[in-house]
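Computed from a prediction, not measured in an experiment: that's the story for all the values here.
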Amino acid sequence: MTLLTLSRSAADRRPRTARLTALGAALLLTAGLGSTAGATPTRSHLPDPGTAARTVESDSEATTVLAISIDGLNPNALTRLGAARTPSLHRVMDEGASTLNARTEVELTVTLPNHTGMVTGRRITARAGGHGVVWNDDRKRPATVQAASGRPVDSVFTVVNRAGGRPALFASKTKFRLWKRSWPLALKDTVIEERNAVLVKALVADLDQERSFRMLHLSLPDVVGHEHGFMGKRYLAAVRRADALVGRVLRAVDRSPALSQGLALLVTADHGGKGTRHSVATSVANYRIPFLVRGPGVPAGSDLYELNPTYADPGRGQPSYAEARQPVRNGMLANLSLDLLGLRSVPGSEHNVDQDLEVTPVVAP
């Protein structure tokens, strides 16, 4: 077992109101966590010390966001298994907005580069303003995302942290230590545990804490896909196990009236897979991924492309970043999450930087 549970400073353990006052923020989140269980969720838009306050309403009244990345989830697996064998992920689709034809980053279809794009909102290539993480292992050099990019690089974690939202990361691969080194103040609360079930148990226990953003990474499908082949019987069984873990999270949310009303859930993947590999970035089996959103104000059973006519369903293609109408990409996770929380986009980001990926219908005044 690899487990990192990073303790919080004395300032972080102060009453929440005092922490926000000290930060100069005006964020009030009542998500039914800790002593506020059962309360009606409320939220105020906030002046963030590092990010200007928004002047428009965000897409929903979410009080907290949980982003789940299922490593190596080929969307064809959800189609083949159906609702009977992947009931939790189909529940998210039935109760929210989704597409099974989203896209990875263009440059690479491997884990660490795509996940770093998810949390920074940047493409990969450093010389084009990207985050620069082109490796996919536990190397110590470059030591940080900033060193890889050659510039300061913010993330969804840093934006939420500056707003007083106490982000947390739950990851099942040790290579995610890179993020802790890159954003140490924002990721004081990090758990790295390779056993997915143990990791989900830690996340469910953490739902009692006041946070506005959590990210959960599940590695099961990817690990089995490399060993036995993506879309094979053992891989599909691993997808079913991952679905059951998502179901455990959903049941924990259901038990809390405040979370069931106020939590926005995002589910996506870093890549698909074919055979025992997923490294060919020009293969549709590798760059096609799911993107699911469920939460307050999100219309049940809706299609993300139908909700967003300025975005284009790419068919079987992988559009370049230069295309005027982009597909939904996993790199939009950061800025959509911040939009749902009423925060501006990650500084220096590109994907969904205008926060125009809509997950709720536009209501005429």
Side-chain angles (χ1 to χ4, degrees), residues 68-86 88-90 92-93 98-118 123-125 133-138 171-173 175-176 194 196 217-246 266-292 304-305 312-321 323 326-333 351:
I68 300 178
S69 173
I70 303 178
D71 202 320
L73 179 58
N74 187 323
N76 287 341
L78 298 180
T79 302
R80 183 173 301 182
L81 291 168
R85 290 184 288 176
T86 48
S88 301
L89 291 170
H90 276 82
V92 176
M93 288 189 281
S98 64
T99 179
L100 298 182
N101 201 28
R103 291 294 180 263
T104 64
E105 302 273 38
V106 172
E107 302 98 320
L108 295 168
T109 50
V110 292
T111 297
L112 196 57
N114 269 270
H115 277 93
T116 305
M118 289 183 204
R123 65 177 71 186
I124 296 172
T125 305
V133 177
V134 296
W135 66 94
N136 193 37
D137 52 37
D138 222 351
S172 54
K173 289 183 177 179
K175 64 186 73 176
F176 287 95
E194 293 174 335
N196 285 208
H217 165 260
L218 298 175
S219 62
L220 271 170
D222 182 67
V223 171
V224 175
H226 281 295
E227 291 179 356
H228 302 288
F230 290 85
M231 296 303 298
K233 289 183 178 179
R234 293 188 183 183
Y235 170 81
L236 293 174
V239 171
R240 293 184 67 183
R241 289 162 60 197
D243 180 84
L245 292 174
V246 173
L266 280 63
V267 181
T268 190
D270 51 347
H271 55 75
K274 183 178 182 180
T276 58
R277 301 178 59 197
H278 53 74
S279 58
V280 179
T282 55
S283 169
V284 65
N286 298 334
Y287 60 63
R288 181 166 54 199
I289 54 169
F291 199 105
L292 324 176
L304 277 173
Y305 288 111
D313 186 322
R316 292 180 57 84
Q318 170 65 300
S320 73
Y321 298 128
E323 294 291 330
Q326 286 289 301
V328 175
R329 294 192 188 275
N330 56 11
M332 296 175 180
L333 181 148
H351 302 312

Query raised in the report: Stepwise, does the side chain to side chain contact (heavy atoms under 4.5 Å, CB included) test hold for Ile289 with Tyr287?
Result: CA-CA 6 Å; Ile289 54 169; Tyr287 60 63; over 6 Å; no
Report task. Under the side-chain hydrogen bond (donor to acceptor under 3.5 Å, both in side chains) rule, what do Thr125 and Arg123 come out as? Steps first, then yes or no, please. Result -> CA-CA 6 Å; Thr125 305; Arg123 65 177 71 186; over 6 Å; no
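- The side-chain contact (heavy atoms from CB on, under 4.5 Å) search around Arg85 returns Leu81, Arg240, not counting sequence neighbours.
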Query raised in the report: So Val280 and Thr109, side chain to side chain contact (heavy atoms under 4.5 Å, CB included) or not? Walk me through it.
Result: CA-CA 7 Å; Val280 179; Thr109 50; 5.8 Å; no
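- Partners of Asp137 under the salt bridge (Lys or Arg N to Asp or Glu O under 4.0 Å) rule, at least two apart in sequence or in another chain, are Arg139.
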Query raised in the report: Going through the checks in order, is the side-chain hydrogen bond (donor to acceptor under 3.5 Å, both in side chains) test met by Ser219 and Asn196?
Result: CA-CA 7 Å; Ser219 62; Asn196 285 208; 3.1 Å; yes
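- By the 4.5 Å heavy-atom criterion applied to side chains, Ser172 and Glu194 are not counted as neighbours.
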Would you list the atom pairs, donor with acceptor, under 3.5 Å between side chains in residues 71-78 and any protein atom, with sequence neighbours excluded?
from: Asp71; atom 1: OD1; to: Thr111; atom 2: OG1; distance (Å): 3.3
from: Asp71; atom 1: OD1; to: His271; atom 2: NE2; distance (Å): 3.2
from: Asp71; atom 1: OD2; to: Thr111; atom 2: OG1; distance (Å): 3.3
from: Asp71; atom 1: OD2; to: Lys173; atom 2: NZ; distance (Å): 3.0
from: Asp71; atom 1: OD2; to: His217; atom 2: NE2; distance (Å): 2.8
from: Asn74; atom 1: OD1; to: Asn76; atom 2: N; distance (Å): 2.9
from: Asn74; atom 1: ND2; to: Gly273; atom 2: O; distance (Å): 3.2

Report task. Evaluate side chain to side chain contact (heavy atoms under 4.5 Å, CB included) for Asp270 paired with Glu105, printing each intermediate quantity in order. Result -> CA-CA 9 Å; Asp270 51 347; Glu105 302 273 38; over 6 Å; no
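- No side-chain heavy atom of Arg288 sits less than 4.5 Å from a side-chain heavy atom of Gln318.
- By the 6.0 Å contact criterion, NZ on Lys274 is open, its count of non-hydrogen atoms from other residues, nucleotides or ligands being 12 or less.
- Residues satisfying the side-chain hydrogen bond (donor to acceptor under 3.5 Å, both in side chains) criterion with Asn286, sequence neighbours excluded, are absent altogether.
- Scored by the side-chain hydrogen bond (donor to acceptor under 3.5 Å, both in side chains) test, Ser69 finds His115 as partners (sequence neighbours excluded).
- The side-chain hydrogen bond (donor to acceptor under 3.5 Å, both in side chains) pairs that include a residue from residues 229-238 are His228-Arg234, where partners are two or more places apart or lie in different chains.
- Applying the side-chain contact (heavy atoms from CB on, under 4.5 Å) criterion to Ser98, with sequence neighbours excluded, gives Met93, Leu292.
- Every residue was checked against the side-chain hydrogen bond (donor to acceptor under 3.5 Å, both in side chains) condition with Ser283, not counting sequence neighbours, and none meets it.
- Remark: Tyr321 engages His351 in a ring-ring contact (aromatic ring centres under 6.0 Å, His included) (not counting sequence neighbours).
- Every residue two or more places apart in sequence or in another chain that forms a side-chain contact (heavy atoms from CB on, under 4.5 Å) with Ala238 is listed here: Val224.
- In terms of the side-chain contact (heavy atoms from CB on, under 4.5 Å) criterion, residue partners of Glu227 (sequence neighbours excluded) are, by chain and number, Val223.
- Partners of Thr116 by side-chain hydrogen bond (donor to acceptor under 3.5 Å, both in side chains), not counting sequence neighbours, listed by chain and number: Trp179.
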